[in-house]
Amino acid sequence: MTELITAVEAHDIRFPTSRHLDGSDAMNPEPDYSAAYVIVRTGGGQEGHALAFTVGRGNELAVAAVESLAPLVAGRPVAEVLGDLGGVSRRLTGDSQLRWLGPEKGVIHMAAGAVLNALWDLRARRAGKPLWRLLSELSPEEIVDLVDFRYLEEALTRQEALTILGDAEPGRAGRRARLLAEGYPAYATTPGWLGYTDDKLVRLAKEAVADGFGLIKLKVGADPAEDVRRVRLAREAVGPDVRIAVDANQAWNVGQAIERLAPLAEFDLYWIEEPTSPDDVLGHAAVRRRVAPIRVATGEHAHNRVMFKQFLQADAIDVLQLDAARVAGVNENIAILLLAAKFGVPVCPHAGGVGLCEMVQHLAMFDYVAVSGTVEDRVIEYVDHLHEHFTDPVVIVDGHYVAPLEPGGGGEMHPASRAEYAYPHGPRWATGAVTGTAIGTGAVLGTAFDTAAGAGEVA
């Protein structure tokens, strides 16, 4: 009998990270790291797992978006779906009615990415390979068939993509061996959250250097004097030879970004991340011209491949920061990696969140083996939060990601964690054990909610 995809499930999972200000920055002062968690099930009993990352309130919208896309995949033959993930990608992002909610942006696009990433996880599991290896063993033609070149062809043609991949093909085996032996360079954001005390910042910065990280990142964008003081503390803690990047998380307009970076230049900053609106291509270009030699980095909130195309065409960025869960999954991220290779811009993936380190490492490693062929000036973000909830958590040795060997794409949470942090009725939320910032059927802003007290009552 033909094996079918029997279900595409979506689950609301939230972690109360706001309690300790983990993840805090100028625009997101109290995030609760959350996941619209997707499970694709087959008639043969196999599963694919992935997620769309949010920071609390609104996670239910991403869950609803996944549920709206589920009928486009559920009930179809597994072999047909997994054998044409390029076509499935176009079906999910191009549905004639659902695409109106984007098109190709926002919650519906993130949901499409979560479903596609779950399908890639399933395909990698069935192949018995980690996703980075599965992708890097595809032929150039198979990789290019995954990409939707509509809207890209004045910047990147199919033939150009084939040439990039073909040029990299002879060195794949050697780079795969080096990756397995040496890992992939990482940088640490853990010291830099805006809500951390000075002592915690300094302690974590020193620990990052001791752990082998050659770059740390600090959040900025709240108080100008505080930015200077905190960056000075970090520079004194790590010394002159460790790179320091800063991240404004979109807090400034263009003029403010230029003005606010001037007093920070003395600390030899490596990059400024998201200095202004993530949609403002020309604004980033203006900041880049004025703040050099500080590099300009962005991408974690870029809607889609078209945004990245424009950033690259406009010479607006020095560092491209793709995200495993922001755009439409593996397929669109392959397009973005090819664009970056065409324009010669290094990719340093964003991974601050829940499960993002686990998933995005596969994209960076695929890029090294099969696309760009280099790790020069390339690092994957590392944040030391919530890895224990995943069945194949990232491993960091001497400031490098160790290449994962387990089959899949890295996004599977332990069933116990999914149950514990299910929102709003999981034990961590329903018993009033946490103080969260979520609002919904089980939480009230700034309060602990005890369902035993009765619906709508604050414990």
Side-chain angles (χ1 to χ4, degrees), residues 17 20-31 185-252 256-276 287-288 291-300 318-319 321 346 348-353 356-357 377-385 396 398-401:
T17 51
H20 301 292
L21 300 181
D22 297 335
S24 55
D25 60 55
M27 297 295 280
N28 305 284
E30 296 178 316
Y187 76 90
T189 296
T190 301
W193 301 116
L194 204 59
Y196 283 0
T197 64
D198 291 353
D199 288 344
K200 190 170 185 178
L201 184 161
V202 170
R203 174 175 58 82
L204 292 175
K206 290 180 177 179
E207 288 178 3
V209 175
D211 289 338
F213 293 98
L215 187 156
I216 66 168
K217 187 170 76 180
L218 272 64
K219 301 294 183 173
V220 296
D223 178 80
E226 281 294 289
D227 287 347
V228 173
R229 191 181 62 79
R230 292 177 70 253
V231 175
R232 177 177 287 110
L233 283 173
R235 177 54 76 198
E236 291 171 350
V238 303
D241 298 327
V242 173
R243 290 172 171 175
I244 296 178
V246 294
D247 184 356
N249 290 96
Q250 315 161 29
W252 302 322
Q256 285 177 315
I258 295 165
E259 178 182 349
R260 294 281 291 271
L261 285 166
L264 297 176
E266 67 173 286
F267 303 111
D268 189 25
L269 299 184
Y270 188 63
W271 76 55
I272 171 62
E273 183 172 331
E274 287 196 319
T276 190
V287 172
R288 181 173 181 258
V291 304
I294 301 172
R295 295 161 179 81
V296 170
T298 198
E300 71 182 81
D318 301 283
V319 178
Q321 296 176 305
C348 298
H350 168 253
L356 298 186
C357 294
D377 287 333
R378 294 160 194 266
V379 281
I380 306 171
E381 184 172 23
Y382 175 69
V383 178
D384 189 18
H385 298 151
I396 301 290
D398 194 24
H400 286 67
Y401 277 79

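Quick caveat: nothing in here was measured; it's all calculated off a predicted structure. Residues take their numbers from the sequence shown, with the count starting at 1.
Ala257 and Val287 get closest at one heavy-atom pair: CB-CG2, 4.0 Å. Scanning both residues, Thr276 and Trp252, for their nearest heavy atoms gives OG1-O, 2.9 Å. Across all their heavy atoms, Val228 and Pro263 have their closest contact at CG2-CB, 4.0 Å. Across all their heavy atoms, Ala208 and Ala188 have their closest contact at CB-CB, 4.0 Å. Annotation for Pro275 and Ala248: closest pair CA-CB, 4.2 Å, computed over non-hydrogen atoms. Scanning both residues, Val383 and Gly352, for their nearest heavy atoms gives CG2-CA, 3.7 Å.
Looking at heavy atoms from C-beta onward, Lys217 lies out of side-chain contact with Tyr270 at the 4.5 angstrom threshold. Put simply, the side chain of Asp247 does not reach to within 4.5 Å of the side chain of Thr189, judged on heavy atoms. A 4.5 Å side-chain heavy-atom check between Val238 and Ile244 finds at least one atom pair inside the cut-off. Looking at heavy atoms from C-beta onward, Leu204 lies out of side-chain contact with Trp193 at the 4.5 angstrom threshold. Using a 4.5 Å heavy-atom cutoff, the side chains of Tyr187 and Ile380 are not in contact.
Remark: Asp384 CG to Ile396 CD1 distance equals 9.0 Å, nearest 0.5 Å. Rounded to the nearest 0.5 Å, atoms CD1 (Ile272) and CG (Leu261) are 5.0 Å apart. Here OG1 of Thr197 is found 8.0 Å from CZ of Arg203. Values are rounded to the nearest 0.5 Å. Residue Leu194 holds its CG atom at 9.0 Å from CG of Asn249, rounded to the nearest 0.5 Å.
Of the possible polar contacts, one joining the Glu381 side chain to the Ala351 backbone as a donor-acceptor pair under 3.5 Å is found. The main-chain N or O of Val242 is found under 3.5 Å from a side-chain atom of Arg235 such that the two form a donor-acceptor pair. In terms of modelled atom types and a separation under 3.5 Å, the side chain of His400 and the main chain of Asp398 share a donor-acceptor contact.
Inspection of the Gln321 and Glu300 side chains reveals no N or O donor paired with an N or O acceptor under 3.5 Å.
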Side chain to side chain contact (heavy atoms under 4.5 Å, CB included) evaluation trace for Leu218 with Leu201:
CA-CA 9 Å; Leu218 272 64; Leu201 184 161; 4.1 Å; yes
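Partners of Arg243 under the salt bridge (Lys or Arg N to Asp or Glu O under 4.0 Å) rule, at least two apart in sequence or in another chain, are Asp377.
Ring geometry for Tyr382 against Phe213 counts as parallel: the plane angle stays under 30°, on a 0 to 90° scale with 60° as the upper cut.
More than 12 heavy atoms of other residues, nucleotides or ligands lie within 6.0 Å of NZ in Lys200, so this atom counts as buried by the packing criterion.
Within the structure, salt bridge (Lys or Arg N to Asp or Glu O under 4.0 Å) pairs that include any residue of residues 224-233 comprise Asp198-Arg229, Glu226-Arg229, Asp227-Arg260, Arg232-Glu266 (at least two apart or interchain).
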